[in-house]
Amino acid sequence: MTTVIANNVTIDFPIYGTGHRSLRHTLFARTGGLIRHEPAGRHRQQRVVVRALDNVSFTLTSGDRLGLIGHNGAGKSTLLRVLAGVYTPDSGSIRVDGRVSPLFNSVPGLDPDDSGYENIKTCGMFLGMGFDEINRKLQDIVDFCELGEYLELPVRTYSTGMVTRLGFAIATSIDPDILLLDEGIAAGDARFAARAEGRMQALIQRTRILVLASHSDALITSMCNRAMLLEKGHIVEIGPIDEVIKRYHQRPVEASVA
Amino acid sequence: MRPDYTIAAADLIDGIRSYRIWTRLGWQEVKRRYRRTVFGPFWATLSIGAFIGGMVFIWAPLFKTDVKSYLPFLAAGLVSWTFATALISEGCTTYTAGVNLITQLNFPYTVLNFMVVWRNIIVFFHNILIVIVVVIALKIPVDWQTLLLIPGLIIVAVNGAWMTILFGMVSARFRDVPPLVGNIITLLMFVTPIFWFSHQLGADAQPIVTYNFMYHLIEVMRAPMLGTAPPLLSYAFTIGGAIIGWFVAFDLYARFRRRIPYWL
């Protein structure tokens with residue numbers, strides 16, 4: 001059974017190495033999590049802590065496609081990283097049953113000095129695939145990215161679009177139970193984008209739970225069946241997409257922040 | 001912070017089991033560093049070789065020894081020193097260099113530690129060529145005691161592993177540590193008998209050598225390369241160091257492993 005159970009999850013980021021000057025700026029910021037100053041104790045200096053997630057609780061089961069909505073710094077990416085197991089909550093608990101695949105900004109382990117083939121292997125391993133699995137999927141990845149002989153060359157010789165193709169082909173070859181997506185992943189030129197769309201849909205089809213963070217209402221509407229509105233690290237609303245998106249646009253403070 | 005030994009132990013075991021990842025990453029990293037160069041990883045070998053080849057003619061007379069006995073001592077010592085200290089200095093950047101992985105994935109971070117150790121073992125086996133050349137050229141006897149290099153290497157690698165965990169964590173949290181460690185290593189290079197023989201120091205100053213952990217780490221590798229068995233004291237120090245070091249590093253890892261992504 002694939003499930004995600006979050007119970008009063010709270011995440012605090014201690015900020016190291018900020019001077020008073022940068023502090024003043026952050027204090028007046030309108031976006032982002034709640035910034036708190038922990039009083040100086042007998043043994044520790046005063047330090048700045050950003051509360052990125054505040055008492056977040058929810059449950060996801062098979063078939064859930066959750067869209068995360070909120071302004072910059074509302075806690076969407078932090079929540080995704082908590083689900084990925086990167087950050088362990090300071091208080092509260094998170095239980096994730098199933099194979100998790102995070103697809104964030106870049107493919108983990110991609111190295112520009114290595115060839116395309118080498119990167120397929122390294123990234124595949126970091127995405128949790130074994131050697132056999134990678135070998136089984138190699139042809140599919142090679143076919144899909146259409147990079148041909150370029151795969152023999154170091155990735156730094158690729159154009160930006162070609163790197164994206166490679167990254168996308170590797171990232172979408174996995175078979176996760178739980179898929180975590182940050183902002184969706186961009187995908188090269190128009191023709192490739194159309195094929196990428198199909199491949200993405202196929203990936204989501206074979207995934208039991210999807211959590212997608214995005215600023216695009218259209219993307220959330222097309223891919224998700226539930227939505228969660230986050231603001232300053234806590235859940236404002238979780239429910240049907242239309243209602244949550246409507247609520248998001250009605251909130252005046254966030255609307256003024258681009 | 002409350003230690004979580006179960007998670008730390010699981011991380012360690014998963015890390016060891018993922019040997020296919022870290023052996024691969026270690027190799028890739030060595031290849032990557034010297035890509036497009038003619039000599040590849042042998043550049044490190046060449047620079048140590050050139051250093052030894054140049055300095056031997058200054059230091060041998062300076063320390064009043066003949067080149068024939070000084071050269072193998074310097075070569076074996078410097079190659080061992082490079083290996084042992086690279087584990088410490090590169091250990092400092094273990095986690096900061098893995099920032100992209102650590103902040104995106106949940107995986108055994110010890111994979112990164114073993115990768116650093118493995119990479120330096122590979123470099124060591126390139127550098128050892130210098131010692132082999134010297135040994136052959138000067139006809140230094142190779143016998144059964146030379147084989148003690150293998151346990152010596154293993155002991156240093158096991159010590160190196162806890163050092164990369166300890167220094168990796170401390171450096172991720174306190175960014176002043178890597179330059180500080182760099183400074184201390186430079187100092188230790190002159191305090192440890194690599195350029196000079198320990199007996200030249202005189203009886204009164206012997207504790208500088210006897211209680212120098214780095215000296216013992218070097219000695220378990222250097223002595224076999226020179227065809228002699230390392231003193232038992234060196235084994236006591238290095239094996240004891242490995243046990244204590246692993247206890248300390250493991251305990252800290254159990255306490256702070258979950259904080260590592262927050263520090264990066």
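In the text below, chain A, chain B and the rest are named by the order of the sequence lines, each starting its count at 1.
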* **Part of L101(B) within contact of chain A (heavy atom distance under 4.5 Å)** => side chain

* Under 4.5 Å from a heavy atom of chain A, the part of F107(B) involved -> side chain

* **Cation-pi check, R259(B) onto F256(B) ring (under 6.0 Å, within 45° of axis)** => no

* Counting heavy-atom pairs under 4.5 Å to chain B, which of L180(A), L110(A), D90(A) comes out on top? -> D90(A)

* Asked: Can you say whether L25(B) sits under 4.5 Å from chain A via the side chain, the backbone, both, or neither, judging by heavy atoms?
  -> side chain

* Can you label the angle between the Y95(B) ring and the Y253(B) ring as parallel, tilted or perpendicular, going by 30° and 60°? => parallel

* Should K121(A) and E118(A) count as an ion pair when the cut-off is N to O under 4.0 Å? -> no

* Plane angle bin for F114(B) and W22(B) - parallel if under 30°, tilted between 30 and 60°, otherwise perpendicular -> tilted

* To do: Can you tell which part of Y109(B) gets under 4.5 Å to a heavy atom of chain A, answering side chain, backbone, both or neither?
  => side chain

* List the steps, then state whether side-chain hydrogen bond (donor to acceptor under 3.5 Å, both in side chains) holds for N113(B) with T164(B). => CA-CA 6 Å; N113(B) 299 99; T164(B) 61; 3.1 Å; yes

* **Per-residue contacts, residues 130-140 of chain A versus chain B, heavy atoms under 4.5 Å** => F131(A)

* So, S77(A) versus D182(A): side-chain donor-acceptor pair below 3.5 Å or not? -> yes

* **Part of P89(A) within contact of chain B (heavy atom distance under 4.5 Å)** => backbone

* Asked: Where does the angle between the aromatic ring planes of Y262(B) and Y87(A) fall among parallel (under 30°), tilted (30 to 60°) and perpendicular (over 60°)?
  -> tilted

* Asked: Relative to the ring of F213(B), is the ring of W162(B) parallel (under 30°), tilted (30 to 60°) or perpendicular (over 60°)?
  -> tilted

* Asked: Does any non-hydrogen side-chain atom of T238(B) lie less than 4.5 Å from one of N159(B)?
  -> yes

* Structure fact -> Interface check, chain B: of V100(A), L80(A), I11(A), L127(A), most non-hydrogen pairs under 4.5 Å belong to I11(A)

